[in-house]
Amino acid sequence: MADTSFQPDVIVIGSGAAGLLCAIELSKSLQVCLLTKNCIRESNTKYAQGGIAAVMKLDDDYEQHIKDTLVAGDNLCALDAVKLLVHEAPARIRELINLGIEFDKDKDNLLQFTREGGHSSRRILHVGDLTGLAIEESLVNSVMTNSRIDVRENVLVKDLLVEQGYCCGVIFRSEQGQYLTLRAKAIVLATGGAGQLFSHTTNPSIATGDGVAMAHRIGANIVNMEFIQFHPTAFHKPPAPYFLISEAVRGEGGILVNHKGERFMKKYHRLKELAPRDIVARAIFQEMADEKKDSVFLDIAFKDAHYLQKRFPTIYNRCLEYGLDITNEPVPVSPAAHYFCGGVKTNIDGLTNIPGLYAIGEVACTGVHGANRLASNSLLESVVFAYRAAVHIDCWLRFGPGPRLSPENALNGPNTKTSPKTPIKTGMNKREIEKRITKIQQIMWEYAGIIRSHAGIQKALNALKRIEKQVAELSPDPLSVFEIEARNLITVAKLVLLAARRRTFNAGTHYNLDLVTHTSELADLDETDPFQLEDPSGEPSSLYRPVH
Ligand code: FAD
Ligand code: SIN
């Protein structure tokens, strides 16, 4: 059945920073329909803590931010995209401020900047440790009061429609469980990441990789899927859930210690706790393995209690909920899956290889992150490329050729799929599928996690093949939301494992014990220590070769 209640020019899928900002920009000249599978606020964006990077001070410069991004990305970044990211940051920050976001300021009313791993300067704007929430709230308020944006919540997009080679619509599952089609002249994927692929993650439950799976099904190019960033410090105190302890805690002086109380990071990198994330995550993993423990500690308790409560209210309160006072004691932490550096390949305007289909934010791979993302570059990527995609779509639709389909075909073509409401299932299948998904998450953590091997990757692929067959048998059409997400997770898991199997050298977040490690030329050349930290000391780790 076609949804004819509204005829948008553009459909935006997802309501994180990327989708919301793109919709706002598009609405200046076009009619937009924004579809989102949960309530509008639910997204990875909402949970972002550390902040958003931008060169906004006289003692910082674009070249340095570009260099830091390339070094963190192990020199596998797309340089043109990185330059745009960095140069366009101040303009996008100004826009966020105009939309009402109040970044923290100092006593002189000047913007305050924090530091995170891999940055050679304090250049992270933040709103306490609630930066994502502040951005999400402002953008949602703007979208909800915009008459040119039709928002549909609790609507899960299942597939993308392609006709005559153009992406011209979506098939979605309505809140009532019906499958409907909606057509438009351009489709923007802003569906975020896939942290739910792993048993340990900082991501909320919506992060199931739907966008990558859908785009893959219609032949979009998917790249860099082996590069999954593991955040070094997630709260680890079972049975409490994993949640993020921001890198900004280390940026403000927090230190990592093992169970013997040793500050171990100096063994691994000259920047110690503020080394790029992949290096810190592997170092923690190594320490945990050496000590046969499942966590290390992040200690910031030596700082003033009042300061900590004010600077990190989310972390302070969340830890307190689980019986831990960060102003008094070190926080047990371990790495967790955090961010997908790869995704749907796009050009610098968010356009994919399928005409009519754009991808922005975490679902996209613009190439800015290379093999490992620099901290706080992701919110920035979301807003910079959301804006660029909106401008490109506007030009393409209003002044350019637009879709080459006839208007009848593009907007009122035959429905490709209709279905009655999903029948209520017994719940038996759901439980069985849930068990399989939990298994996949465990397999991915073990074999496609921080340290990989050829044999492990192959073992995971074999297991996945069996589980995929079982899930297909357990979930005949029409599918529930849970089943769609489960199938998408399986597709994305396969893409990650196949990409990991193809990679012939280690870089950034991808570390395979059976491969040699590529060390970026830039990292080798980078001999200056921006923070005048002491030289690394100690023996090289046995699991991997640290980069000094
Ligand atoms: P998201 O914000 O994840 O939004 C995706 C949207 O798509 C959601 O609304 C979702 O419901 C919707 N969706 C998904 N699938 C479908 C579907 N099939 N149909 C309809 N809707 C769908 N980055 C930084 O730069 N700085 C930070 O400080 C920072 N901190 C972070 C802290 C945490 C805990 C996490 C998890 C991430 C953090 N990141 C940070 C990363 C950053 O938040 C994300 O990469 C970024 O917000 C992604 O934005 P997005 O708009 O692409 O996706
Ligand atoms: C954090 O606050 O540590 C997360 C920052 C990021 O993912 O960029």
Side-chain angles (χ1 to χ4, degrees), residues 11-22 34-54 72 114 116-119 124-127 129-133 135-136 139-140 152-160 170-173 188-196 201-214 229 231-235 242-251 277 280 312 314-315 336-341 343 359-364 369 373-383 385-386 481 484-485 488:
I11 297 169
V12 176
I13 313 167
S15 58
L20 293 168
L21 191 100
C22 189
L34 188 135
L35 306 175
T36 190
K37 71 176 174 180
N38 204 287
C39 74
I40 189 166
R41 287 177 173 77
E42 191 55 4
S43 56
N44 272 4
T45 299
K46 179 177 136 184
Y47 300 93
Q49 295 181 355
I52 180 163
T114 191
E116 286 184 279
H119 285 275
I124 322 286
L125 290 135
H126 55 92
V127 182
D129 61 359
L130 296 159
T131 312
L133 188 64
I135 292 177
E136 184 75 20
L139 295 177
V140 166
R152 315 257 182 112
E153 295 177 273
N154 303 307
V155 158
L156 179 133
V157 176
K158 179 180 172 289
D159 272 306
L160 301 166
V170 300
I171 300 166
F172 68 89
R173 187 186 189 280
V188 181
L189 269 182
T191 48
Q196 288 300 321
T201 182
T202 61
N203 289 193
S205 62
I206 49 107
T208 51
D210 300 356
V212 167
M214 282 189 259
Q229 182 171 77
H231 198 289
T233 57
F235 185 74
Y242 286 91
F243 58 85
L244 184 72
I245 307 292
S246 176
E247 199 154 296
V249 172
R250 281 174 278 136
R277 229 169 243 185
V280 183
F312 299 112
T314 313
I315 295 169
H338 185 61
Y339 182 83
F340 268 68
C341 301
I360 52 174
E362 191 167 339
V363 69
H369 306 307
R373 173 175 66 92
L374 182 67
S376 286
N377 262 358
S378 166
L379 287 172
L380 181 61
E381 184 198 30
S382 296
V383 296
F385 290 93
V481 168
I484 294 169
E485 291 178 337
N488 286 338

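Computed from a predicted structure; not experimentally measured. All ligand and atom numbering here is 1-based and tracks the order in the structure. Any value given below was found using the heavy atoms of this structure, including those in side chains, with hydrogens, waters and symmetry copies removed.
- The protein non-hydrogen atom at the shortest distance from atom 52 (O) of ligand 1 is E362 N, 2.8 Å.
- Residue contacts with ligand 1: T202 is placed with no nitrogen or oxygen under 3.5 Å of a nitrogen or oxygen of the ligand (distance criterion only).
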- request: Take V280 and R250 through the side-chain contact (heavy atoms from CB on, under 4.5 Å) test and state the conclusion after the steps.
  value: CA-CA 11 Å; V280 183; R250 281 174 278 136; 4.0 Å; yes
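- Side-chain contact between M214 and V170: absent, with no pair of heavy atoms (C-beta onward) separated by less than 4.5 Å.
- Checking only distances, G50 does come within under 3.5 Å of ligand 1, N or O to N or O.
- The closest side-chain heavy-atom distance from I360 to S382 is not below 4.5 Å.
- Between T233 and V249 the shortest side-chain heavy-atom distance does not fall below 4.5 Å.
- At a heavy-atom distance under 4.0 Å, only side-chain atoms of L244, from C-beta outward, approach ligand 2.
- The shortest N or O to N or O distance between V157 and ligand 1 is under 3.5 Å.
- Heavy-atom separations between G132 and ligand 1 are all 4.0 Å or longer.
- For ligand 1, the atoms closer than 4.0 angstrom to any heavy atom of Y339 are 45 (O).
- Taking atom 31 (C) of ligand 1 as the reference point, the nearest protein heavy-atom neighbour is A48 CA, 3.3 Å.
- Polar contact with ligand 1: present for A18 (N/O pair, distance under 3.5 Å).
- Note: H231 and H338 have perpendicular aromatic rings, judged against thresholds of 30 and 60 degrees for the angle between ring planes.
- Of the protein's heavy atoms, T191 O, 3.3 Å lies nearest to atom 14 (C) of ligand 1.
- Of the options E116, H338, H231, Q49, the smallest heavy-atom separation from atom 7 (O) of ligand 2 is shown by H338.
- When non-hydrogen atoms are compared, ligand 1 lies under 4.0 Å from neither the backbone nor the side chain of I52.
- Of the listed options S246, G51, G14, G195, G51 places a heavy atom closest to atom 26 (N) of ligand 1.
- Under the 4.5 Å side-chain criterion, counting only non-hydrogen atoms from C-beta, I13 is in contact with L160.
- For ligand 1, the polar-atom distance check against N44 finds a nitrogen or oxygen pair separated by under 3.5 Å.
- Each of the following atoms of ligand 1 lies closer than 4.0 Å to a heavy atom of A190: 5 (C), 6 (C), 7 (O).
- Close approach to V155 involves these atoms of ligand 1, each under 4.0 Å from a residue heavy atom: 19 (N), 20 (C).
- The heavy atom nearest to atom 22 (C) of ligand 1, out of those in H338, K37, M214, is found in K37.
- Using a 4.0 Å cut-off to heavy atoms of N203, the atoms of ligand 1 that qualify are 36 (C).
- Classification of K37 and E485 as a salt-bridged pair holds, one side-chain N sitting under 4.0 Å from a carboxylate O.
- Within the 4.0 Å heavy-atom criterion, neither part of F172 lies near ligand 1.
- When only non-hydrogen protein atoms are considered, atom 53 (O) of ligand 1 lies nearest to G192 CA, 3.3 Å.
- Using a 3.5 Å distance cut-off with no hydrogens or angles, the side chains of N488 and T208 do not pair a donor with an acceptor.
- Across R250, R277, Q229, E247, heavy-atom proximity to atom 6 (C) of ligand 2 is greatest for R277.
- Remark: minimum distance from atom 9 (O) of ligand 1 to any protein heavy atom is reached at E42 O, 2.9 Å.
- Under 4.0 angstrom from ligand 1, there are no non-hydrogen atoms of Q229.
- For atom 2 (O) of ligand 2, the nearest protein heavy atom (residue, atom name, distance) is S246 OG, 2.6 Å.
- Polar contact with ligand 1: present for T36 (N/O pair, distance under 3.5 Å).
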- request: Could you walk me through whether E247 and Q49 pass the side-chain contact (heavy atoms from CB on, under 4.5 Å) test, one step at a time?
  value: CA-CA 9 Å; E247 199 154 296; Q49 295 181 355; over 6 Å; no
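- Residues E42 and Y47 have side chains in contact (heavy-atom distance under 4.5 Å, counting atoms from C-beta outward).
- Annotation: side chain of I135 is not in contact with side chain of L21 (no heavy-atom distance under 4.5 Å).
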task: Could you give me the CA-CA distance, side-chain angles and deciding distance for T314 and L133, then say whether side-chain contact (heavy atoms from CB on, under 4.5 Å) is met?
output: CA-CA 11 Å; T314 313; L133 188 64; over 6 Å; no
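- Within ligand 1, counting atoms from 1 as listed, the ones closer than 4.0 Å to a heavy atom of I13 are 19 (N), 20 (C), 21 (N).
- The distance from ligand 1 to the heavy atoms of G361 drops below 4.0 Å at these ligand atoms: 52 (O).
- Within the structure, ligand 1 has N377 among the residues with a heavy atom less than 4.0 angstrom away.
- Distance from atom 18 (N) of ligand 1 to its nearest protein heavy atom, with residue and atom name: D210 OD2, 2.8 Å.
- Using a 4.0 angstrom heavy-atom cutoff, N488 does not count as in contact with ligand 1.
- Note: no N/O pair closer than 3.5 Å links N38 and ligand 1 by distance alone.
- Ligand 2 has no N or O atom lying under 3.5 Å from any N or O atom of L374, backbone or side chain.
- The shell of residues lying under 4.0 angstrom from ligand 1, judged by heavy atoms, includes L156.
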side-chain contact (heavy atoms from CB on, under 4.5 Å) evaluation trace for I484 with D210: CA-CA 8 Å; I484 294 169; D210 300 356; 5.5 Å; no
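- Looking from atom 41 (C) of ligand 1 to the surrounding protein, the closest heavy atom is S378 OG, 3.7 Å.
- Put simply, the side chain of S15 does not reach to within 4.5 Å of the side chain of V140, judged on heavy atoms.
- Ligand 1 has R373 within reach: a non-hydrogen atom of the residue lies less than 4.0 Å from it.
- Between Y339 and H369 there is a side-chain heavy-atom pair separated by less than 4.5 Å.
- Protein heavy atom nearest atom 10 (C) of ligand 1, with residue, atom name and distance: I206 CD1, 3.8 Å.
- If you check each of L189, I245, T45 against atom 49 (O) of ligand 1, the one with the closest non-hydrogen atom is T45.
- At a heavy-atom distance under 4.0 Å, only side-chain atoms of S382, from C-beta outward, approach ligand 1.
- With no hydrogens or angles considered, a side-chain donor-acceptor pair links E136 and S43 at under 3.5 Å.
- Closest of all the heavy-atom pairs between S376 and G50 is OG-C, 4.1 Å.
- For ligand 1, the polar-atom distance check finds an N/O of A17 within less than 3.5 Å of one of the ligand's N/O atoms.
- A heavy-atom separation below 4.0 Å is not found between S378 and ligand 2.
- Every atom of ligand 2 with a heavy atom of A375 under 4.0 Å away is listed here by number and element: 8 (O).
- Expressed to the nearest 0.5 Å, how far CD1 of I40 lies from NZ of K46 amounts to 12.0 Å.
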